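Everything quoted here is computed from the prediction, not taken from an experiment. Heads up: numbering here begins at 1 and tracks the sequence.
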Amino acid sequence: MPAQPLRLLLVDDEQGFVNVLCKRFTKRGFDVVTALSGSEAIHALREQDFDVCVLDLKMEDMDGIEVLKVLKKMSPDLPVIFLTGHGSERAAIEGLRFGATDYLMKPCDFEALQARVLKAAGRD
């Protein structure tokens with residue numbers, strides 16, 4: 001019996017980037033829900049459970065650290081992987097102190113991201 005599809009919450013305010021990642025993860029058998037803002041991510045987590053969240057660190061409406069804190073209050077065991085660019089690696093490392101599982105710098109290699117998502121979900 002095949003394993004259930006991994007449920008991934010993908011949060012980033014760059015629509016094109018989200019679309020590309022969503023298509024690639026979906027082709028690989030993931031069940032992907034996208035959110036274009038921190039508030040959308042929080043709403044999505046209220047609606048259903050996820051196995052992993054990939055979260056952009058810098059977004060317009062809410063900082064990724066703020067979103068992480070809310071997500072961890074709602075679902076303490078949810079693995080969260082930060083995606084960061086703009087020279088904000090220090091902030092991503094700070095996110096690890098607030099419960100993030102891992103981080104990757106943008107632009108990132110899709111295979112590396114998928115491997116980290118699978119590892120965070122315990123499916124590596």
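- If you look at Y103 and F82, their ring centroids are not closer than 6.0 Å.
- Put simply, CE on M59 and OG on S39 are 8.5 Å apart, with the number rounded to the nearest 0.5 Å.
- Cluster membership check: I42 does not share its hydrophobic cluster with V54, using side-chain heavy-atom separations under 4.5 Å among Ile, Leu, Val, Met, Phe, Trp and Tyr.
- Between the side chain of E40 and the backbone N or O of L36, at least one donor-acceptor pair lies under 3.5 Å.
- The CG atom of L96 lies 8.5 Å from the OG1 atom of T101; values are rounded to the nearest 0.5 Å.
- Not a single donor-acceptor pair under 3.5 Å links the side chain of D102 to the backbone N or O of I81.
- Under a hydrophobic clustering in which Ile, Leu, Val, Met, Phe, Trp and Tyr are joined whenever their side-chain heavy atoms come within less than 4.5 Å, directly or via other members, V80 and V117 fall into different clusters.
- Hydrophobic clustering places F110 together with L104 (ILVMFWY residues linked when any side-chain heavy atoms are closer than 4.5 Å, directly or through intermediates).
- E47 contributes no side-chain N or O that, together with a main-chain N or O of A44, makes up a donor-acceptor pair within less than 3.5 Å.
- Screening L10, L8, T26 against L21 for a side chain to side chain contact (heavy atoms under 4.5 Å, CB included) leaves a single residue, L10.
- Counting heavy-atom neighbours within 6.0 Å of K119 NZ, excluding the residue itself, gives a total of 12 or less.
- Side chain of D109 to main chain of A112: a donor-acceptor pair is present (N/O by atom type, distance under 3.5 Å, no hydrogens or angles).
- Between K106 and D12, at least one side-chain N (NZ, or NE/NH1/NH2) sits under 4.0 Å from a carboxylate O, which counts as a salt bridge.
- Criterion: ILVMFWY side-chain heavy atoms under 4.5 Å apart, direct or through other members. Under it, L78 and V32 are not part of a common hydrophobic cluster.
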Stepwise side chain to side chain contact (heavy atoms under 4.5 Å, CB included) check, D31 with F25:
CA-CA 8 Å; D31 179 9; F25 276 115; over 6 Å; no

Show your reasoning for whether side chain to side chain contact (heavy atoms under 4.5 Å, CB included) applies to D56 and T84.
CA-CA 6 Å; D56 187 25; T84 186; 5.7 Å; no

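- One distance of note links SG of C108 with CZ of F17; it measures 5.0 Å at 0.5 Å rounding.
- Looking at Q48 and R7, their side chains never bring a donor and an acceptor atom within 3.5 Å of each other.
- P79 and A120 get closest at one heavy-atom pair: CG-O, 3.4 Å.
- No donor-acceptor pair under 3.5 Å is formed between the side chain of D13 and the backbone N or O of S37.
- Remark: of the listed residues K72, K73, M74, M74 is the sole one forming a side chain to side chain contact (heavy atoms under 4.5 Å, CB included) with V70.
- R90 CZ to L57 CG: the interatomic distance, rounded to the nearest 0.5 Å, is 13.0 Å.
- By the 4.0 Å N-to-carboxylate-O rule, E111 lies close enough to R28 to be salt-bridged with it.
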Worked check of side chain to side chain contact (heavy atoms under 4.5 Å, CB included) between D51 and Q4:
CA-CA 11 Å; D51 297 306; Q4 287 289 102; over 6 Å; no

Walk me through whether L55 and L83 qualify under side chain to side chain contact (heavy atoms under 4.5 Å, CB included).
CA-CA 6 Å; L55 174 62; L83 290 182; over 6 Å; no

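- The CG atom of L45 sits 7.0 Å away from the CG atom of L9 when rounded to the nearest 0.5 Å.
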